[in-house]
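Everything numeric here is computed off the predicted structure, so don't read it as measured data. In each ligand, atom 1 is the first atom listed, and ligand 1 is the first ligand listed.
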Amino acid sequence: MPHTKLRWGLLSTARINRALIPAIRAAQRSELVAVASRTLEQAERYAHEWSIPRAFGSYEAMLESEDVDVVYISLPNRLHAEWAIRALRAGKHVLCEKPLATRLEDVDAMITAARENGRVLAEAFMYRHHPQTLKVKALVDSGAIGAPKLVRGAFTFTIARADDIRLDPALDGGSLWDVGCYPVSYARYLFGREPLEAHGVAVRGASGVDETFVGWLRFGEDAFALFDSGFRAPERMHIEVVGSEGVIVVPSPFKPGARETIYLGKSSTTLEPLTVEGPEQLYLGEVEDMEAAALDGAPQRISLEDSRNNVAALIALYRAAGMR
Ligand SMILES: NC(=O)c1ccc[n+]([C@@H]2O[C@H](COP(=O)([O-])OP(=O)(O)OC[C@H]3O[C@@H](n4cnc5c(N)ncnc54)[C@H](OP(=O)(O)O)[C@@H]3O)[C@@H](O)[C@H]2O)c1
């Protein structure tokens with residue numbers, strides 16, 4: 001009997017899980033059945049706290065279970081590839097946190113594992129599924145602002161904990177991997193092509209990771225993305241799209257809510273508000289996309305080629321800043 005519901009297992013007890021758990025529970029064709037942690041004690045404590053039926057005391061044990069169809073990988077960046085590949089080889093579908101991996105060889109091995117095992121692999125870029133993102137893309141593609149020339153973006157916040165995985169170079173921490181990936185992804189999506197040049201400056205912290213990154217990408221003769229990311233600044237998320245005949249401002253591009261306002265105008269002084277409705281659960285889109293791909297064989301909204309190209313752009317930026 002084919003399953004009509006996807007049975008999800010969380011691979012780790014990461015903080016980001018709390019965003020995905022309600023989305024899995026809100027989705028029509030999903031159920032949350034298990035969590036795995038490096039210790040049974042932690043897995044059981046977490047399962048109890050979140051009312052998850054099964055707890056596994058190792059990641060391997062959950063991959064061996066026949067009661068899990070799809071694994072959500074919320075590990076530190078450096079561990080994404082290893083565990084995604086192991087999960088795919090164990091016959092699981094995989095929703096993997098962004099960035100998919102931090103080396104192109106690893107991304108390629110993940111894609112190969114997905115194809116060879118006939119399983120879905122998806123990058124958890126939740127903002128890409130939100131109607132606001134689709135609306136901005138549709139406006140740009142319809143010529144609402146003429147030819148797109150500049151995508152300006154930012155994603156910064158102040159890191160609270162000294163032991164945060166984002167500050168650990170051995171786990172591929174760093175602000176570009178962590179949050180700079182968003183404006184880079186947004187710009188590539190809107191331009192609909194890959195950058196030709198990458199330039200960047202990194203400000204490293206005591207651990208050696210980029211705590212601030214300022215970068216720009218060239219997408220054509222007269223087409224640029226300009227962004228900053230960082231851990232030592234107030235929380236800021238922003239996208240501005242400048243075209244030959246207009247401007248779009250997106251005040252909440254990466255974590256949009258159920259009702260958002262974007263601004264469209266012929267100039268920055270004549271912007272008009274446009275309201276966009278979205279789901280109550282921002283993360284529902286990536287769960288439903290997995291349902292459609294895994295249960296119906298539908299094409300994924302974010303192709304693996306797209307995810308690979310985002311990692312390639314991030315690596316080019318790190319290289320430009322002398323960090324690879
Ligand atoms: N899409 C989004 O909105 C979003 C938001 C935040 C983070 N993320 C991504 O999600 C991932 C996790 O981020 P997070 O902030 O949630 O991480 P976190 O709270 O630090 O959790 C990471 C988890 O990984 C496991 N782990 C395995 N080996 C580890 C090691 N050597 N050091 C530390 N932890 C280890 C631990 O789980 P156990 O102890 O249970 O084994 C830990 O709880 C990252 O890739 C990040 O980029 C995405």
Taking the six-membered ring for Trp and the full ring for Phe, Tyr or His, determine whether the centres of F157 and F231 are under 6.0 Å apart.
->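 Ring centres of F231 and F157 closer than 6.0 Å.
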
For ligand 1, is any non-hydrogen atom under 4.0 Å from [X]'s backbone (N, CA, C, O), its side chain (CB onward), both, or neither?
{"X": "Y72", "answer": "neither"}
{"X": "S74", "answer": "backbone"}
{"X": "I16", "answer": "both"}
{"X": "N17", "answer": "neither"}
{"X": "T39", "answer": "neither"}
{"X": "A43", "answer": "neither"}
{"X": "L79", "answer": "side chain"}

Is [X] close enough to touch ligand 1? Criterion: a residue heavy atom under 4.0 Å from a ligand atom.
{"X": "K255", "value": "no"}
{"X": "F254", "value": "no"}
{"X": "F125", "value": "no"}
{"X": "A19", "value": "no"}

Residue, atom name and distance, where the atom is the protein heavy atom closest to [atom]:
{"atom": "atom 19 (O) of ligand 1", "answer": "R15 N, 2.9 Å"}
{"atom": "atom 17 (O) of ligand 1", "answer": "I165 CD1, 3.3 Å"}
{"atom": "atom 25 (C) of ligand 1", "answer": "Y59 OH, 3.3 Å"}
{"atom": "atom 24 (O) of ligand 1", "answer": "P76 CD, 3.2 Å"}
{"atom": "atom 44 (C) of ligand 1", "answer": "L75 O, 3.5 Å"}
{"atom": "atom 23 (C) of ligand 1", "answer": "S12 OG, 3.6 Å"}
{"atom": "atom 28 (N) of ligand 1", "answer": "R38 NH1, 3.3 Å"}

Heavy-atom closest contact ([X] atom, [Y] atom, distance):
{"X": "R232", "Y": "I159", "value": "NH1-CG2, 3.6 Å"}
{"X": "A223", "Y": "P148", "value": "CB-O, 4.3 Å"}
{"X": "P99", "Y": "E123", "value": "CA-OE2, 3.5 Å"}

Indicate yes or no: at least one non-hydrogen side-chain atom of V250 is less than 4.5 angstrom from one of E260.
-> no

Would you mind running through ligand 1 and noting each atom that sits below 4.0 Å from a heavy atom of [X]?
{"X": "Y283", "result": "2 (C), 3 (O)"}
{"X": "H80", "result": "45 (O)"}
{"X": "A124", "result": "1 (N)"}
{"X": "R166", "result": "6 (C), 7 (C), 13 (O), 14 (P), 15 (O)"}
{"X": "M126", "result": "1 (N), 3 (O)"}
{"X": "Y182", "result": "1 (N), 2 (C), 3 (O)"}
{"X": "S37", "result": "38 (P), 39 (O), 40 (O), 41 (O)"}
{"X": "L171", "result": "31 (N), 32 (N)"}

Side chain R166, main chain V209, donor-acceptor under 3.5 Å |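 The answer is no, because no donor-acceptor pair under 3.5 Å joins these two groups.
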
Spell out, as yes or no, whether a donor-acceptor pair under 3.5 Å connects the side chain of E291 to the backbone of R29.
->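 Looks like yes, one N/O pair under 3.5 Å.
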
Establish, from distance only, whether the side-chain atoms of [X] and [Y] form a donor-acceptor pair under 3.5 Å.
{"X": "Y189", "Y": "D306", "result": "no"}
{"X": "R236", "Y": "T156", "result": "yes"}
{"X": "Q42", "Y": "S37", "result": "no"}
{"X": "H199", "Y": "E197", "result": "yes"}

Geometric N/O contact [X] with ligand 1, under 3.5 angstrom:
{"X": "P99", "answer": "no"}
{"X": "Q42", "answer": "no"}
{"X": "R161", "answer": "no"}

Identify which one of F219, Y186, F224 satisfies the ring-ring contact (aromatic ring centres under 6.0 Å, His included) criterion when paired with F191.
->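 Checked F219, Y186, F224 against F191; only one passes ring-ring contact (aromatic ring centres under 6.0 Å, His included): F219.
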
Please name all residues satisfying side-chain contact (heavy atoms from CB on, under 4.5 Å) with T158, sequence neighbours left out, ordered by chain then number.
->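 With neighbours one apart ignored, the set is empty.
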
Shortest reach to atom 48 (C) of ligand 1 by a heavy atom, considering only E97, R18, R45 = E97

Between R45 and E41, is there a salt bridge with N-O shorter than 4.0 Å?
->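 So E41 does not pair with R45 through a salt bridge.
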
Once the angle between the rings of [X] and [Y] is folded into 0 to 90°, is it parallel (under 30°), tilted (30 to 60°) or perpendicular (over 60°)?
{"X": "Y182", "Y": "F254", "result": "tilted"}
{"X": "F227", "Y": "F213", "result": "parallel"}
{"X": "F125", "Y": "Y127", "result": "perpendicular"}

